[in-house]
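Atoms within a ligand are numbered from 1 in the order they appear, just like the ligands themselves. Values reported hereafter were calculated over all heavy atoms of this structure, with side chains retained and with hydrogens, waters and symmetry mates removed. Small disclaimer: the values here were computed from a predicted structure and weren't measured. Residue numbers count from 1 along this sequence.
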Amino acid sequence: MGRYDLALIGFGGVNRALAELMSRNGDRLAEELGFALRVVAITDLRAGSLVDTDGIDLAPLLAAEPGELSFAGLAGGSADPRNEWVIREVPADIVVEATFTNPTDGEPALSHVRWALESGKHVCTTNKGPVALAGRALKRLAAERGVGFEFEGSVLSGTPVLRTAERMFGGLEITGVQGILNGTSNYVLGRLEEGVELSAAIAEAQELGYAEADPTADIEGHDVQLKVMILANEILGADLRREDVFCEGISSLSPHEVRDAVSKGLRWKLVGSATRHEDGGVDARVTPLALPAHHPLAGICGPVNGVAFHTDLLGTVTISGPGAGRTETAYALLSDITAIHQRHADDDSAPTRLAVKETHRV
Ligand SMILES: NC(=O)C1=CN([C@@H]2O[C@H](COP(=O)(O)OP(=O)(O)OC[C@H]3O[C@@H](n4cnc5c(N)ncnc54)[C@H](O)[C@@H]3O)[C@@H](O)[C@H]2O)C=CC1
Ligand SMILES: N[C@@H](CC=O)C(=O)O
């Protein structure tokens with residue numbers, strides 16, 4: 001059985017959850033997926049960096065409270081994240097990028113992804129910045145280097161929206177997408193309906209691992225703006241920039257307005273949409289809408305999200321599932337690694353260093 005060595009960039013909620021999956025279910029996953037996984041490097045802004053090309057023992061790291069973890073003083077450890085050196089020089093097969101999403105310019109995650117691809121390493125990421133702001137260029141770079149660039153978790157966390165559209169909608173013309181694309185704001189709207197204060201509802205979403213490091217991105221719609229760009233660019237063939245997508249979040253709604261709507265049979269939802277016109281142009285926007293109860297997106301509640309695809313042959317196809325959550329998003333990374341395995345394991349053109357290694361450990 002082969003094995004992939006991973007470098008985890010960012011060791012917050014999502015990458016820790018991936019490490020937990022590997023640590024707890026590694027043998028079962030290897031048997032089921034047909035390959036084993038090992039972590040050879042971890043970098044984090046707060047914890048520093050840790051490298052062991054024989055494989056890092058994850059259990060003691062996962063036993064530590066996230067805020068108390070420090071790699072300084074451990075063998076192969078440093079207080080400095082050393083991102084560029086780790087990404088370029090440590091012999092990992094796959095770089096797993098899960099640092100903060102920066103909606104303005106995608107950095108430093110954009111550089112992390114670029115360094116990895118330039119070094120001939122596969123990349124999977126849940127970070128929306130690089131995908132929304134530079135997805136086309138990064139996909140071109142990955143193709144030039146013969147490596148994979150996968151980002152299923154950038155939209156609807158582990159719910160397989162992008163791969164389903166790419167693989168299952170062949171022969172269909174998709175004319176538009178409309179969705180609830182942010183777990184935090186959807187959770188917060190539900191809690192406002194129940195009479196919880198805005199700040200308390202946001203704090204709950206942070207505690208549950210749904211919110212961005214700066215939850216302004218969730219509440220003001222910037223996170224949905226990036227996801228609409230990803231959907232439009234990946235599925236509708238658009239090339240949208242951020243300024244092309246009108247964006248209004250939920251902060252303009254008063255808690256009274258949200259509660260009052262329920263008594264009128266309406267539910268406020270933050271809706272992102274993109275529509276392709278006959279001339280090929282794509283309009284996209286993010287805006288709160290008071291949806292009637294019979295609308296397919298009105299019943300999507302809490303951190304669950306949903307995307308409706310408008311198609312020529314099937315009419316509307318709606319996919320719904322978790323939109324946020326640490327483990328749910330870690331699953332997206334696992335699905336990305338599986339996609340890389342399926343596409344590249346037998347690829348003779350891939351650099352030999354990237355060929356799946358034989359291992360006697362599994
Ligand atoms: N949590 C969720 O439900 C989902 C998260 N995402 C995205 O996945 C990414 C990770 O999310 P979480 O783990 O929840 O965030 P988090 O805030 O818990 O963790 C991010 C980690 O990255 C580290 N970091 C930040 N900048 C760094 C740098 N320059 N070098 C090294 N480490 C750095 C931080 O110290 C932190 O530990 C974000 O981009 C987020 O938008 C995507 C889908 C769902
Ligand atoms: N903060 C985001 C996380 C997933 O992208 C959300 O709440 O949806």
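Aromatic ring orientation, Phe35 versus Tyr4: perpendicular (interplanar angle above 60°, classes split at 30° and 60°). Ring pair Phe309/Phe169 is perpendicular by interplanar angle, where above 60° counts as perpendicular and below 30° as parallel.
Near Thr329, meaning under 4.0 Å from any of its heavy atoms, are these atoms of ligand 1: 2 (C), 3 (O), 4 (C), 42 (C), 43 (C), 44 (C). The atoms of ligand 1 that sit less than 4.0 Å from any heavy atom of Phe11 are 37 (O). Every atom of ligand 1 is numbered from 1 in the order shown, and the set under 4.0 Å from a heavy atom of Pro108 is 29 (N). Of all the atoms in ligand 1, the ones that sit under 4.0 Å from a non-hydrogen atom of Gly10 are 22 (O), 23 (C), 32 (N). Shown in contact with Thr101 at under 4.0 Å from a heavy atom are these atoms of ligand 1, numbered in order with element: 38 (C), 39 (O), 40 (C), 41 (O). Proximity to Ala211 (heavy-atom distance under 4.0 Å) selects the following atoms of ligand 2: 1 (N). For ligand 2, the atoms lying closer than 4.0 Å to a non-hydrogen atom of Asp218 are 1 (N), 2 (C), 6 (C), 7 (O). Near Ala324, meaning under 4.0 Å from any of its heavy atoms, are these atoms of ligand 1: 3 (O). Heavy-atom proximity to Gly153, at under 4.0 Å, picks out these atoms of ligand 1: 42 (C), 43 (C). Remark: ligand 2 atoms within the under-4.0 Å shell around heavy atoms of Gly323 are 4 (C), 8 (O). Near Lys227, meaning under 4.0 Å from one of its heavy atoms, ligand 2 places the atoms 2 (C), 4 (C), 5 (O), 6 (C), 8 (O). Per-residue contacts place Tyr210 under 4.0 angstrom from the following atoms of ligand 2 (heavy atoms of the residue considered): 1 (N), 2 (C), 3 (C), 6 (C), 7 (O). Counting the atoms of ligand 2 from 1 in the order shown, those under 4.0 Å from a heavy atom of Asn182 are 2 (C), 6 (C), 7 (O), 8 (O). Numbered from 1 in the order shown, with element, the atoms of ligand 1 that lie under 4.0 Å from a heavy atom of Gly325 read 2 (C), 3 (O).
A donor-acceptor contact shorter than 3.5 Å links the side chain of Thr159 to the backbone of Pro322. Side chain of Glu152 to main chain of Arg163: a donor-acceptor pair is present (N/O by atom type, distance under 3.5 Å, no hydrogens or angles). With Asn15 contributing its side chain and Gly10 its backbone, the two residues share a donor-acceptor pair below 3.5 Å. A donor-acceptor contact shorter than 3.5 Å is absent between the side chain of Asp223 and the backbone of Asp218. Remark: the backbone N or O of Lys121 is not paired with any side-chain donor or acceptor of Ser119 at under 3.5 angstrom. Panel note: side chain Arg276, backbone Leu236; a donor-acceptor pair is recorded below 3.5 Å. A donor-acceptor pair under 3.5 Å is formed between the side chain of Thr101 and the backbone N or O of Lys128. At least one donor-acceptor pair closer than 3.5 Å links the side chain of Thr175 to the backbone N or O of His310. A side-chain donor-acceptor contact under 3.5 Å links Glu107 to the backbone of Ser111. Using modelled atom types, no side-chain atom of Arg88 and backbone atom of Ala116 make a donor-acceptor pair closer than 3.5 Å.
Taking the side chain as every heavy atom from C-beta outward, Tyr187 and Glu204 approach each other to under 4.5 Å.
The backbone and the side chain of Thr184 each have at least one atom closer than 4.0 Å to an atom of ligand 2 (non-hydrogen atoms only). Of the heavy atoms in Ala205, none comes closer than 4.0 Å to ligand 2. No part of Arg16 comes within 4.0 Å of ligand 1, judged by heavy-atom distances. With a 4.0 Å cut-off on non-hydrogen atoms, Thr126 touches ligand 1 through its backbone as well as its side chain.
Looking at every heavy atom in both residues, Arg285 comes nearest to Val228 through O-CG2, 4.3 Å. Taking every heavy atom of both residues into account, Arg191 and Ala201 meet most closely at CB-CB, 3.8 Å. Closest approach of Ser23 and Leu62 over heavy atoms only: CB-CD1, 3.8 Å.
Among all non-hydrogen protein atoms, the one lying nearest atom 32 (N) of ligand 1 is Leu45 N, 2.9 Å. Nearest protein heavy-atom contact of atom 17 (O) of ligand 1 is Phe100 CE2, 3.4 Å. In terms of protein heavy atoms, atom 1 (N) of ligand 1 is closest to Gly209 O, 3.0 Å. Atom 19 (O) of ligand 1 has as its closest protein heavy atom Gly12 CA, 3.2 Å. Glu212 OE1, 2.7 Å is the protein heavy atom nearest to atom 41 (O) of ligand 1. The nearest protein atom to atom 10 (C) of ligand 1, hydrogens excluded, is given as Ala98 O, 3.4 Å; this is a heavy-atom distance. Nearest protein heavy-atom neighbour of atom 8 (O) of ligand 2: Gly183 N, 2.7 Å. When only non-hydrogen protein atoms are considered, atom 30 (N) of ligand 1 lies nearest to Asn83 ND2, 2.9 Å.
Put simply, no part of Ser157 is less than 4.0 Å from ligand 2, judged by heavy atoms.
Of the listed residues (Val14, Asp44, Thr99, Thr125), the one carrying the non-hydrogen atom nearest atom 38 (C) of ligand 1 is Thr99. When Gly183, Gly13, Ala205, Pro303 are checked for heavy-atom proximity to atom 18 (O) of ligand 1, Gly13 turns out nearest.
Checking only distances, Glu212 does come within under 3.5 Å of ligand 2, N or O to N or O. When only interatomic distances are considered, the shortest N/O to N/O separation between Lys128 and ligand 1 falls below 3.5 Å.
In this structure, atom 26 (N) of ligand 1 has protein heavy atoms in its sub-4.0 angstrom surroundings.
Counting heavy-atom neighbours within 6.0 Å of Glu243 CD, excluding the residue itself, gives a total above 12.
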- Test Glu97 against Thr99 for side-chain hydrogen bond (donor to acceptor under 3.5 Å, both in side chains), laying out the working first. CA-CA 6 Å; Glu97 216 293 342; Thr99 65; 2.7 Å; yes
